[in-house]
Undergrad: 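Take a look at the following structure, please.
Below, chain A is the first sequence line, B the second, and so on; all start at residue 1. These figures come from a predicted structure and were not determined experimentally.
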Amino acid sequence: MKNKITVGAVVLGGSLTLSATGFADEGLFGYVKGAEPLPKGSMDVEQWFTVRSDKGQGHYDALDTKTEVEWGITDKFATAVELYGLGINTSGLMIDAYLPKDEKYTWKPAGLEVALKYNFLSPAKDWIGLSQYVAFSYFWEDVNSGQRKDVYSVEGLLLAQKYFMDGQVVLAGNLGIEATSATRKPIDGLPPDFEWPTTPEMEIEVTASAGITYRFAENWFIGGEIFYQTEHETVVGQERWSIQAGPTLHYGGQKWWATLTWLPQIRGGGLMYPGQTDTDLHLIEKTKQEVRLKIGFNF
Amino acid sequence: MPIRPIPTLLMVPVALVAGTGYATEYLTVAQAQQAIFPDADQLIDAAVELSDAQRSAIEKQAGVRQRWKKQAVWRAEKAGQLIGWFVVDEVVGKHEFITYAAGLTPDGHVRGIEILVYRETYGHQVRNAEWRQKFAGKTLADPFKLDEDIPNISGATLSSANVTKGVKRLLVLQQVVLNKR
C-alpha cells in the first residue's frame with residue numbers, strides 16, 4: 001500500500017518551496033507575487049502547503065510547508081520571517097547527486113528565511129505597481145531528496161502589478177535571480193559507485209512568472225499563472241529549465257484569505273535521469289504535479 | 001489510512017467558504033441624506049436609467065467605466081427649489097463593492113460624501129470626516145487624483161482611488177444627465 005504524506009501533522013510547520021519564496025500581502029496568486037505593500041503597523045500571518053508529486057518513475061511525494069509572519073514597517077516597506085518544513089516519501093528511484101536513497105518522513109523543519117519588500121509604485125495610484133523583494137535563506141534539508149544539505153541563498157525579485165477594470169482584473173509579473181551555495185552532507189551506506197559530492201556547489205537560478213486573475217464574484221477571484229525557471233550551476237552549466245502553468249482560485253475575506261493553485265509542469269529540459277521516459281520535462285529537481293494552498297490572516 | 005494530500009487540500013477552501021457576511025453598514029441612505037442635505041425638506045426619488053449613449057459619454061468624460069445602467073438619485077429640494085442631487089453609487093473595493101453617497105450642488109460642486117457600506121480589510125479611514133471633507137467644494141476642474149488633491153489611504157489605495165474616481169464620475173453624470181432634466 002502506498003503511503004502518502006499526511007497533511008494534518010504539518011499544519012503548524014514551516015514550508016520549503018521550489019518556487020521563489022512567498023511574501024505575505026494578500027496572495028491573489030499561488031506563485032506570482034503582487035506588488036502591493038502591507039500598510040504600516042499591520043501584520044499578516046500565512047500558512048502554505050505545497051504538494052509536489054510524480055517524477056515519472058518510482059514513487060515521489062513531497063509536502064512543503066511554510067509559516068510566515070509579515071509586518072508593515074512603513075507604508076512602503078515590509079519585512080517577513082518564514083519557517084519552512086518538509087515531508088517526503090520517495091522510493092524506487094535513485095539519481096546520482098540528487099536522489100541517493102528511499103526516504104520517508106512526515107514532517108521536519110527544513111529552513112529559515114528573512115525577506116524584505118519595498119514598494120516604489122502603487123498599482124492603484126500609479127500607472128503600474130512596482131516593488132523590490134529580497135530574501136536571505138538558510139535551509140538544512142534538501143527539498144528534492146529530503147537529505148541533509150546546507151543551502152545558503154540570496155534572492156532578488158522585481159514585482160510588477162497592474163489593475164484593469166477598476167481592480168476587478170489583476171495582472172502581475174515577477175522577474176528574479178537567486179544565488180545559492182549548497183553543500184550535501186555525507187550519507188553512509190551508499191553504493192560505492194553512487195555520485196554524492198559533498199563539496200560546495202554554486203547555483204544561479206532565474207525565474208520569470210506572470211499571472212492574471214479576475215474577480216468573478218464578490219470576494220472570489222479566478223485566474224491563471226505561468227512560471228518559468230532555469231538553473232545553472234558549476235560543473236554542469238544549465239542544469240534545468242521548466243515551465244509550469246495552471247489555474248488559480250482565490251477567496252479574499254476581511255480578516256483572512258485563501259488561494260489554491262494547481263501548477264503542473266508543462267515543459268522542461270536540461271538534465272534527465274537515466275531511463276527517464278518523459279523527455280519533454282525536467283524531473284530531477286522538479287515533479288510533474290504541484291498544488292499549493294495558501295491561507296493568510298490579516299491583523 | 002493515510003491522508004491523501006491532494007483531495008484534502010481541495011476540501012479546505014470549500015470548507016472555509018461561508019459567504020461574505022462581514023460588510024459593515026455605517027449609514028443608511030436616509031441617514032446619509034440627512035447628513036449631506038440637513039436643510040432639505042424633501043428628497044424626491046429621481047432614479048435614472050442610462051442609455052448606452054449616455055454611459056459612453058460619461059465614460060469618455062470621466063475616464064472611468066460607468067458600470068451601472070441604473071443610478072439611484074434623489075432630488076433635494078427646499079421650499080420647492082432644487083438645492084442639489086443626492087446620488088448613491090458603488091465602486092469596486094479590493095474584495096467587494098463600496099457603497100457611498102455624494103451630494104452635488106446644482107452648479108456642479110460636491111457638497112459632501114458619505115460612506116454607507118465598507119467591507120474591506122484595511123482602509124476604514126475612508127469613513128473619516130477628515131478624508132471625506134477633502135471632496136467638499138470640488139468640481140470637474142479639479143484633478144481628483146490621489147496624493148494630489150485627495151490623500152491616499154495606505155492599505156486601501158485601490159478603494160480610495162475608486163471612490164475618488166467615482167465622485168468625479170458622478171459630477172460628470174450630473175452634467176450629462178441630471179442637468180438636462
Undergrad: Pull out the residues in residues 167-181 of chain B that come under 4.5 Å of chain A, heavy atom to heavy atom, sorted by number.
TA: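 Interface residues of residues 167-181 of chain B: none, nothing closer than 4.5 Å to chain A.
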Undergrad: Partners of B/W74 by ring-ring contact (aromatic ring centres under 6.0 Å, His included), sequence neighbours excluded?
TA: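 B/F86.
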Undergrad: With a 4.5 angstrom heavy-atom cut-off, could you sort out which part of B/K145 is near chain A: side chain, backbone, both or neither?
TA: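 The answer is neither part of B/K145.
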Undergrad: Check ring-ring contact (aromatic ring centres under 6.0 Å, His included) between A/Y163 and all other residues, then give those that pass, not counting sequence neighbours.
TA: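 For A/Y163 there are no ring-ring contact (aromatic ring centres under 6.0 Å, His included) partners, ignoring immediate neighbours.
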Undergrad: Counting heavy-atom pairs under 4.5 Å to chain B, which of A/K125, A/H250, A/M165 comes out on top?
TA: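 Ranked by heavy-atom pairs under 4.5 Å with chain B, first place is A/K125.
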Undergrad: Which residue, A/E290, A/Q289, A/E225, A/K288, forms the side-chain hydrogen bond (donor to acceptor under 3.5 Å, both in side chains) with A/Q244?
TA: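 Exactly one pass, corresponding to A/E290.
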Undergrad: Not counting sequence neighbours, which residues clear ring-ring contact (aromatic ring centres under 6.0 Å, His included) with B/Y100? List them please.
TA: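 Partners of B/Y100 by the ring-ring contact (aromatic ring centres under 6.0 Å, His included) criterion come out as none, since no residue qualifies.
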Undergrad: Using distance alone, with no hydrogens and no angle criterion, decide if B/Q66 and B/Q54 have a side-chain donor and acceptor under 3.5 Å apart.
TA: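 Side-chain D/A pair, B/Q66 to B/Q54: absent.
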Undergrad: Please find out if less than 6.0 Å separates the ring center of A/Y118 from that of A/F120.
TA: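 Yes, close enough.
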Undergrad: Against chain B, label A/K40 side chain, backbone, both or neither, depending on which of its atoms sit under 4.5 Å from a heavy atom there.
TA: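 The answer is the backbone of A/K40.
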Undergrad: With no hydrogens and no angle check, do the side chains of A/T287 and A/D54 hold a donor and an acceptor under 3.5 Å apart?
TA: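 Side-chain D/A pair, A/T287 to A/D54: absent.
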